[in-house]
Amino acid sequence: NKFYYEQSTLSTGIYENSNFSVFPNPASDQISIEANEYLMGNEFAIYNSIGKSVRKGSITTKENIVNLNDLATGIYILRINKQLYKVIKQ
């Protein structure tokens with residue numbers, strides 16, 4: 001089963017679930033993934049609109065900075081384990 005999490009309209013631009021938070025969203029140059037201990041050591045990936053992986057990394061600390069500078073403006077999907085989340089690059 002796949003789970004899809006989509007940010008509700010919030011003025012703060014912060015997405016949270018029980019395991020991680022992503023902010024800011026929309027983002028211009030970077031996002032921060034704040035993760036709990038459950039996700040430490042797990043991989044993350046960011047996919048573009050055609051499903052191509054454009055960024056990969058590991059959750060190594062409570063706050064993980066992901067650089068988006070070289071990505072085109074658009075909508076991307078962040079995947080951590082089976083959790084998917086929409087990230088908007090401005």
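- Residue pairs meeting the salt bridge (charged side-chain N to carboxylate O under 4.0 Å, His left out) criterion with at least one partner in residues 21-48, sequence neighbours excluded, do not occur; the list is empty.
- A donor-acceptor pair under 3.5 Å links the side-chain atoms of T61 to the main chain of E63, judged by distance alone.
- When the side-chain hydrogen bond (donor to acceptor under 3.5 Å, both in side chains) test is applied to S53, no partner is found at least two apart in sequence or on another chain.
- Sorted by first and then second residue, the side-chain hydrogen bond (donor to acceptor under 3.5 Å, both in side chains) pairs involving residues 65-78 (not counting sequence neighbours) are R55-D70, N67-N69.
- Here the straight-line distance linking atom CG of N19 with atom OH of Y38 works out to 6.0 Å at 0.5 Å rounding.
- Taking CG from N48 and NZ from K89, the interatomic distance works out to 13.5 Å, rounded to the nearest 0.5 Å.
- A distance of 8.5 Å separates NZ in K86 from CG in N25, rounded to the nearest 0.5 Å.
- Using modelled atom types and a 3.5 Å distance limit, the side chains of Q90 and S28 yield no donor-acceptor pair.
- Counting heavy atoms from C-beta on, the side chains of F23 and I33 never come closer than 4.5 Å.
- Inter-residue side-chain proximity for I46 and L68 is flagged as met; some heavy-atom pair is nearer than 4.5 Å.
- With rounding to the nearest 0.5 angstrom, the CG atom of N64 is 8.0 Å from the CD1 atom of I80.
- Taking all atoms of both residues into account, the shortest heavy-atom contact from A45 to K56 is CB-CG, 4.2 Å.
- Contact annotation: the side chain of F20 never approaches that of N36 to less than 4.5 Å [non-hydrogen atoms, C-beta and beyond].
- Going from atom CG of L84 over to atom OH of Y47 covers 8.5 Å, rounded to the nearest 0.5 Å.
- You'll find the side chain of V87 reaches within 4.5 Å of the side chain of I31, heavy atoms only.
- In this structure, the separation between NZ on K62 and OG on S21 is 10.0 Å, given to the nearest 0.5 Å.
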